[in-house]
Structures are given as C-alpha cells and as structure tokens.
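Numbering of ligands and ligand atoms starts at 1, following listing order.
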Amino acid sequence: METIDWSSLSFGYMPTDYNVRYTYKNNAWGEMEITDSQTVTMHIASTCLHYGQAAFEGLKAFRGKDGKIRIFRLDENAKRLQSSCRGIMMPELSLEKFKDAVITAVKKNERFVPPYESGASLYIRPVLFGTGEQVGVKPAKEYVFIIFVTPVGPYFKEGFKPTPMVILRQYDRAAPLGTGTFKVGGNYAASLVAGEKAHEMGYSAVLYLDAKEKKYIDECGPANFFGIRGNSYITPKSTSILPSITNKSLMTIAESLGMTVEQRRVPEEELETFDEAGACGTAAVISPIERIDDLDRNKSYVFSKDGKPGVICEKLYNKLRAIQYGDETDTFGWITIVE
Ligand SMILES: *Cc1c(COP(=O)(O)O)cnc(C)c1O
C-alpha cells in the first residue's frame with residue numbers, strides 16, 4: 001500500500017479505494033452498491049449532459065486527537081440535496097440513504113482520513129444526476145447518485161490570511177428567481193468566466209451583487225459573504241444565494257458568543273462600515289477578505305491593512321475548527337462520529 005504525504009495535499013482529486021452508488025429506476029431508488037470503478041457509463045442522451053440536471057454536495061470528515069472520525073453536519077447536507085432535487089425536478093434521496101452512503105464511503109476509505117496533526121481532512125463529494133435519455137426538455141426517468149471521497153490539505157497552507165476580492169458588474173452568477181438557492185452544476189458553469197477573469201487579475205474570488213438591481217451583496221462565487229461591525233455578524237439575505245451550512249453554523253456560534261446576528265439585504269455601500277469581512281464555506285471554513293475592489297466605481301473597501309485576519313474572524317474560525325476536530329465539545333449536535 002502506498003504511503004500518502006499528508007503535508008503536500010492540495011484541494012484536488014486523489015483516487016481512493018471505493019465509491020458508493022444508488023440508481024433510480026422504475027420510480028424507486030435501489031440498494032447501495034460499493035465499487036472501485038472511477039467511471040460511469042451513461043446514455044448519450046442523459047439529461048445531465050444536455051440540460052444540466054445535476055446537483056452536488058460537499059462535506060468533510062475529520063480525525064480527532066482521540067483517533068475518532070467526525071463528520072460535520074451530515075443531516076444538513078442531506079436536506080440541502082433534497083432541496084436541490086426539488087429545484088431541478090430530480091427524485092429526492094431519503095435522509096437515511098444519504099447518511100448510510102456517507103458513512104459507508106468514509107469507512108471503506110478510512111485509510112485516507114488524514115491524521116489529526118496534518119490539519120488535513122477527508123472531503124466527501126455526493127453528486128446526483130439524470131441519466132435517463134430524453135431529447136425533449138423534460139426531467140429524466142433514471143438517475144444515479146454517487147459519493148466519492150478524497151483527502152484534502154489544509155486550505156491555508158501559509159496560515160490563515162486575508163485575500164482580495166473583486167466586484168465585476170458585467171457578470172451575474174444566478175438570477176433572482178433562478179437556481180441560485182440550489183447547489184446545481186449549472187450555477188458553477190455560469191460563474192467560470194468571471195472567476196477566471198478575477199484570478200487573472202490577482203483576486204481570489206468574485207463578490208457578486210444581486211443580479212436585478214446591482215445594489216446588494218449576494219455571495220462570493222462558491223462561498224457566502226459576511227461582515228463584522230462591532231459586535232454584529234451581518235450576512236446577506238437574497239433569493240439567489242446558496243444557503244451555506246458553514247454560514248449557518250457561524251451564525252449559531254456568533255450568537256452563542258453573545259454577538260448579534262443580522263441576516264438581511266446588505267447594500268454595497270455598507271461595506272464601508274465593516275470592521276472585518278469574510279467568505280465562508282466547507283473548503284476553507286472562513287477566508288478572511290483583505291479588500292473588495294469595485295472596479296467600475298473605482299472604489300476599494302479595505303478590511304485588513306496589515307495582512308492579518310480580524311480578531312472576530314479568527315475567533316469564529318478557531319471555534320468551528322475545534323468542534324470539527326473534536327478539540328471542543330459539540331454542544332450543538334453537529335457531529336456524527338463514525339463507529
Ligand atoms: C456550496 C456552496 C457554498 C458553501 O456552502 P457550505 O455548505 O458552507 O459548504 C456557498 N455558495 C455556493 C454557491 C455553494 O455552492
């Protein structure tokens with residue numbers, strides 16, 4: 001068996017031993033299959049290929065100091081996948097099947113769960129897509145659900161550091177009454193051009209404004225946005241934001257620390273008043289934002305002048321990570337221990 005250099009892992013794909021699958025046929029989900037095949041065979045007229053009938057999830061498993069493996073907010077991810085399925089007319093997978101699949105995928109690949117000291121984790125990727133053939137625009141009659149896992153390195157290799165982001169007014173990620181609230185592949189295809197452009201200009205991500213009025217903050221590509229002002233945690237409410245489970249968890253933690261949480265429309269100008277700002281999601285937990293440039297308005301909102309993250313961002317980040325790795329007791333019921 002090959003040995004893995006945990007310290008050199010990035011956020012990429014490394015093959016593991018097994019993945020687990022369910023197939024939907026004749027109006028029902030079948031039994032779980034465990035396979036070592038890394039490919040799928042599907043009909044050339046599958047709806048996922050032509051019409052983007054595909055949704056995914058992303059969650060992580062962590063190995064604690066005690067050697068135990070902890071999965072973070074499994075139920076929330078299961079529920080969000082059900083919501084995505086309703087959003088693009090795919091059959092929902094039961095919470096139980098989702099949970100069984102995640103736990104089986106982790107157990108079968110236990111040797112890929114990085115050790116506690118590495119700061120790395122096991123990324124779990126569920127994906128559900130239409131494989132039934134259809135040429136007219138209609139939902140498929142057959143679907144496949146797969147979970148694969150892959151070890152990923154700590155997001156901040158050079159430490160927890162703020163990065164610059166950019167507002168590019170000529171691009172939208174999702175329409176106000178479109179599919180922005182669902183975790184579907186199409187939203188990501190729609191954001192690739194803007195994302196690449198931002199990277200070429202030296203920014204880590206695009207901060208999207210609402211597509212209709214271009215006045216309010218929406219989210220940062222694949223992560224939600226939040227701002228800190230005094231003792232308040234402020235995060236946008238909109239009909240085109242994907243409800244981040246990390247954001248939901250940070251709101252709960254902020255409240256438990258005595259902060260005020262505001263989830264409401266956030267006009268761009270309010271950025272001026274924030275002491276700190278961050279992007280949040282499973283990959284990084286929090287990516288502190290150094291500054292946000294609105295190129296068309298010739299404006300720059302600066303949150304970190306010394307290259308260091310703000311104290312509240314750091315506190316929230318440390319607290320959430322401590323719960324995930326089992327360093328702190330999980331008083332919220334967020335952790336599933338793999339037995
Ligand atoms: C997945 C995702 C997020 C982050 O959600 P988490 O549950 O925190 O990982 C944020 N925005 C978009 C568009 C996403 O797809």
Side-chain angles (χ1 to χ4, degrees), residues 11 52 54-62 71-85 87-88 98 102 121-129 147 149-150 152 155 165 168 171-176 178-195 198 204-211 216-227 233 235-254 261 263 266 277-289 313 316-317 319-321 323-324 332 334-336:
F11 194 82
F56 67 97
E57 274 302 325
L59 61 164
K60 279 180 172 176
F62 305 85
I71 303 171
F72 188 65
R73 305 209 77 172
L74 181 45
D75 299 359
E76 285 296 319
N77 285 90
K79 284 191 261 175
R80 190 170 65 187
L81 180 63
Q82 290 185 331
S83 160
S84 295
C85 285
I88 57 169
F98 184 93
V102 170
S121 57
L122 187 73
Y123 185 70
I124 304 165
R125 168 52 63 85
V127 59
L128 196 159
F129 47 95
I147 294 189
V149 300
T150 195
V152 293
Y155 196 86
M165 297 193 182
L168 296 174
Y171 299 104
D172 292 320
R173 186 192 78 92
T179 54
T181 53
F182 307 121
K183 206 168 177 75
V184 298
N187 294 340
Y188 278 74
S191 69
L192 288 176
V193 171
S204 64
V206 178
L207 179 69
Y208 288 95
L209 299 179
D210 77 283
Y216 302 97
I217 308 292
D218 233 37
E219 63 173 316
C220 320
N224 279 184
F225 173 86
F226 67 88
Y233 180 102
T235 191
K237 189 180 183 126
S238 130
T239 55
S240 46
I241 293 180
L242 191 281
S244 153
I245 295 164
T246 312
N247 196 6
K248 192 173 177 177
S249 309
L250 291 172
M251 287 190 260
T252 304
I253 290 174
V261 172
Q263 194 173 17
V266 178
C280 59
T282 295
V285 178
I286 291 176
S287 302
I289 303 176
C313 277
L316 293 170
Y317 175 78
K319 179 94 185 169
L320 187 52
R321 297 255 306 173
I323 296 172
Q324 290 176 328
F332 304 111
W334 290 344
I335 300 293
T336 305

Contact with ligand 1 for Arg80, non-hydrogen, under 4.0 angstrom: yes

closest protein heavy atom to atom 1 (C) of ligand 1 is Lys183 NZ, 1.4 Å

* Is there a donor-acceptor pair closer than 3.5 Å between any side-chain N or O of Thr336 and the backbone N or O of Arg73? -> no

Distance col, row Glu219:CD vs Ser191:OG, nearest 0.5 angstrom, shows 9.5 Å

The reported gap from CZ in Arg173 to CD1 in Ile241 (rounded to nearest 0.5 angstrom) is 8.5 Å

Does ligand 1 come near enough to Asn247 that some N or O of the ligand is less than 3.5 Å from an N or O of the residue?
no

Near Gly281 (heavy-atom distance under 4.0 Å), the atoms of ligand 1 are 4 (C), 8 (O), 9 (O)

Q) Can Arg80 and Glu57 be counted as an ion pair, charged N to O under 4.0 angstrom? A) yes

The atoms of ligand 1 lying under 4.0 Å from a heavy atom of Glu219, numbered in the order shown, are 10 (C), 11 (N), 12 (C), 13 (C)

Query - ligand 1 N/O within reach of Ile245 N/O, cut-off under 3.5 Å - result: yes

Candidates Ala283, Pro222, Ser240, Ala284; heavy atom nearest atom 4 (C) of ligand 1 found on Pro222

One should read off an interatomic distance between Lys183 NZ and Asn77 CG, to the nearest 0.5 angstrom, of 8.5 Å

Nearest non-hydrogen protein atom to atom 9 (O) of ligand 1, with distance, is Thr282 OG1, 2.6 Å

The reported gap from CD1 in Ile217 to CG in Asn224 (rounded to nearest 0.5 angstrom) is 12.5 Å

Atom 15 (O) of ligand 1: closest protein heavy atom, distance to 0.1 Å, is Tyr188 OH, 2.4 Å

In terms of the angle between their ring planes, are Trp334 and Phe72 parallel, tilted or perpendicular, with boundaries placed at 30° and 60°?
perpendicular

Determine, using heavy atoms of Gly221 and all atoms of ligand 1, whether some pair is separated by less than 4.0 Å.
yes

Note: Ala223, heavy atoms under 4.0 Å from ligand 1, region reported as backbone

**Asked** Is any N or O atom of Arg173, backbone or side chain, closer than 3.5 Å to an N or O atom of ligand 1?
**Response** no

Using atom types as modelled and distance alone, determine if a side-chain donor or acceptor of Asn247 lies under 3.5 Å from a backbone N or O of Gly281.
no

